[in-house]
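As a basis for the values below, the full set of heavy atoms in this structure was taken, side chains included, without hydrogen atoms, waters or symmetry mates. We number each residue from 1, following the sequence as shown.
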Amino acid sequence: MVGLKSDVGIRRKLNEDYADCIENDEYKLYIVADGMGGHNAGEVASKMAVDEIREYIKNNFSHGNEAKVLEDAVKYTNTKVNEYSISRNNLKGMGTTLVVALVSKESINIANIGDSGCFGITKNKIVKITKDHSLVQELIDSGSITEEEGRNHPQKNVITRALGTESNVKVDIFSLKKGIYDKFLLCTDGLTNELTNEEILKIVNKSENYIDVCDELILLAKKNGGRDNITVVLFGGEV
């Protein structure tokens with residue numbers, strides 16, 4: 001089972017997030033992107049990124065190591081989005097965050113760029129697997145501020161890495177054995193800016209209906225402010 005939900009939130013007029021999932025006999029693919037740019041450029045960037053990742057994996061999954069295929073898919077997609085943005089004046093500078101989970105019979109590989117994240121969840125624990133590429137994360141890593149201070153930092157939304165804004169991009173890949181976590185959650189920062197990890201864990205473990213869980217996560221995020229678009233994808237660790 002998979003739950004997928006995207007919502008514009010309370011304060012935004014346009015939803016620039018985009019998400020998709022593909023489940024077949026060879027692999028499972030889950031993708032979340034949070035677009036950015038003027039006018040509707042963020043919306044274009046996030047959808048294009050998801051579409052290009054999906055097609056690349058479809059055409060190349062059986063061509064080598066899965067972690068390498070995923071990394072190549074993201075780098076290929078970065079090139080496509082970047083080339084498309086510079087070819088059109090109204091889309092120049094567009095980009096997107098990206099978090100992707102590629103699941104096979106043997107392993108789970110996670111890729112991320114920016115501040116959309118992946119969490120591994122068990123009954124009693126939630127662990128952030130990815131690491132944000134953001135100014136606030138750099139300040140936390142350097143010891144300049146605490147994680148609690150980072151939650152309300154005025155520059156919280158400043159990211160230091162994005163897909164499509166440059167001709168090349170560095171991709172973080174996390175390779176996991178199956179069975180470590182019961183569930184995985186991919187989300188944009190519209191969720192994590194409004195909910196604590198403990199609130200997320202409590203809601204995820206309330207029900208085995210993943211669609212209902214996604215609905216409740218977004219409902220609480222909107223109740224807590226809904227300052228940004230909110231997108232969540234929830235899937236089982238043994239898919």
OG1 of T130 to CD1 of I173: how many Å apart, nearest 0.5 Å? 11.5 Å

Cut-off 3.5 Å, side chains only: do Y30 and E23 have a donor facing an acceptor? yes

Below 4.5 Å, heavy atoms only, C-beta onward: do K5 and D215 meet side chain to side chain? yes

Mind checking whether V127 and I110 sit in one hydrophobic cluster, side chains of I, L, V, M, F, W, Y counted as touching below 4.5 Å? yes

So which atom in N65 and which in A67 form the shortest heavy-atom distance, rounded to 0.1 Å? OD1-N, 3.0 Å

Side chain proximity check, M48 to T96, heavy atoms < 4.5 angstrom: no

If I compare all heavy atoms of V171 with all of A111, which pair ends up nearest, and what's the gap? CG1-CB, 4.0 Å

Quick one: does L191's side chain get under 4.5 Å of T231's, heavy atoms only? no

Does a side-chain N-to-carboxylate-O contact under 4.0 Å join K131 and D172? no

Should the pair K183-E208 be classified as a salt bridge under the 4.0 Å nitrogen-to-oxygen rule? yes

In terms of heavy-atom contacts, Y76 and E52 come closest through CE2-OE1, 3.6 Å

Determine whether a donor-acceptor pair (N or O, by modelled atom type, separation under 3.5 Å) exists between the side chain of S46 and the backbone of D34. no

Tell me whether L4 is reachable from V8 by hopping between hydrophobic residues (I, L, V, M, F, W, Y) whose side-chain heavy atoms are closer than 4.5 Å. no

Counting only heavy atoms from other residues, nucleotides and ligands, does the tally under 6.0 Å from CD of E55 exceed 12? yes

Can you check whether F184 reaches L176 side chain to side chain, under 4.5 Å on heavy atoms? yes

For a side chain to side chain contact (heavy atoms under 4.5 Å, CB included) with V50, tell me which candidate from D20, D17, T77 qualifies. D20

Hydrogens and angles aside, do T188 and D228 bring a side-chain donor and acceptor to less than 3.5 Å of each other? no

Residue pair K28 / I108, side-chain heavy-atom distance below 4.5 Å: no

Short side-chain donor-acceptor distance under 3.5 Å, N109 and S175: yes

Determine the minimum heavy-atom distance between I230 and A221, stating which atoms define it. CD1-CB, 3.8 Å

Does K68, at its NZ atom, have more than 12 non-hydrogen atoms belonging to other residues, nucleotides or ligands within less than 6.0 Å? no

Closest non-hydrogen contact found for E83 with I86 is O-CG1, 3.4 Å

Is the side chain of N78 donor-acceptor paired with the backbone N or O of E166 at a distance under 3.5 Å, no angle test? yes

CG (L70) and CG (N60) are apart, to the nearest 0.5 Å, by 11.5 Å

Show the nearest heavy-atom pair for residues F235 and A101, with the distance to one decimal. CZ-CB, 3.7 Å

Distance-only, no hydrogens or angles: does the N193 side chain make a donor-acceptor pair with backbone N or O of D189 under 3.5 Å? yes

First locate atom CG of L185, then atom CG of L201, and finally report the distance between them rounded to the nearest 0.5 Å. 10.5 Å

Connected via hydrophobic side-chain network under 4.5 Å: I10 and V232: no

Looking at CD1 of I31 and CZ of R54, how far apart are the two atoms once the value is rounded to the nearest 0.5 Å? 7.0 Å

Answer yes or no: does atom CZ of F61 have more than 12 heavy-atom neighbours from other residues, nucleotides or ligands under 6.0 Å? yes

Cluster question for you: counting only ILVMFWY and a side-chain heavy-atom cut-off of under 4.5 Å, with indirect links fine, are L219 and L234 together? no

So, does D115 use its side chain to make a donor-acceptor pair with the main chain of R161 at under 3.5 Å? no

Check this for me: does any side-chain nitrogen of one of K75 and D72 sit under 4.0 Å from a carboxylate oxygen of the other? no

Going through the distances and angles, do M36 and T165 end up as a side-chain contact (heavy atoms from CB on, under 4.5 Å)? CA-CA 10 Å; M36 58 192 183; T165 56; 3.9 Å; yes

Would V213 and I203 count as a side-chain contact (heavy atoms from CB on, under 4.5 Å) if you check the C-alpha gap in whole Å, the side-chain angles of each, and the deciding distance to 0.1 Å? CA-CA 6 Å; V213 169; I203 291 173; 4.2 Å; yes

L220 side chain reached by E194 side chain, heavy atoms, under 4.5 Å: no

Set out, in order, the CA-CA distance, both residues' side-chain angles and the distance that settles side-chain contact (heavy atoms from CB on, under 4.5 Å) for D182 and I121, then state yes or no. CA-CA 6 Å; D182 301 327; I121 298 171; over 6 Å; no

Do F119 and T192 have side chains that approach each other closer than 4.5 Å (heavy atoms only, starting at C-beta)? yes

Within the structure provided, determine whether D212 and K206 are in side-chain contact (heavy-atom separation under 4.5 Å). no

G190 backbone acceptor or donor facing N229 side chain under 3.5 Å: no

Check whether I180 and L186 end up in the same hydrophobic cluster, where Ile, Leu, Val, Met, Phe, Trp and Tyr are linked by side-chain heavy atoms less than 4.5 Å apart. yes

Nearest-0.5 Å distance that lies between atom CD in E16 and atom OG1 in T97: 11.0 Å

Distance col, row H133:NE2 vs T160:OG1, nearest 0.5 angstrom, shows 6.5 Å

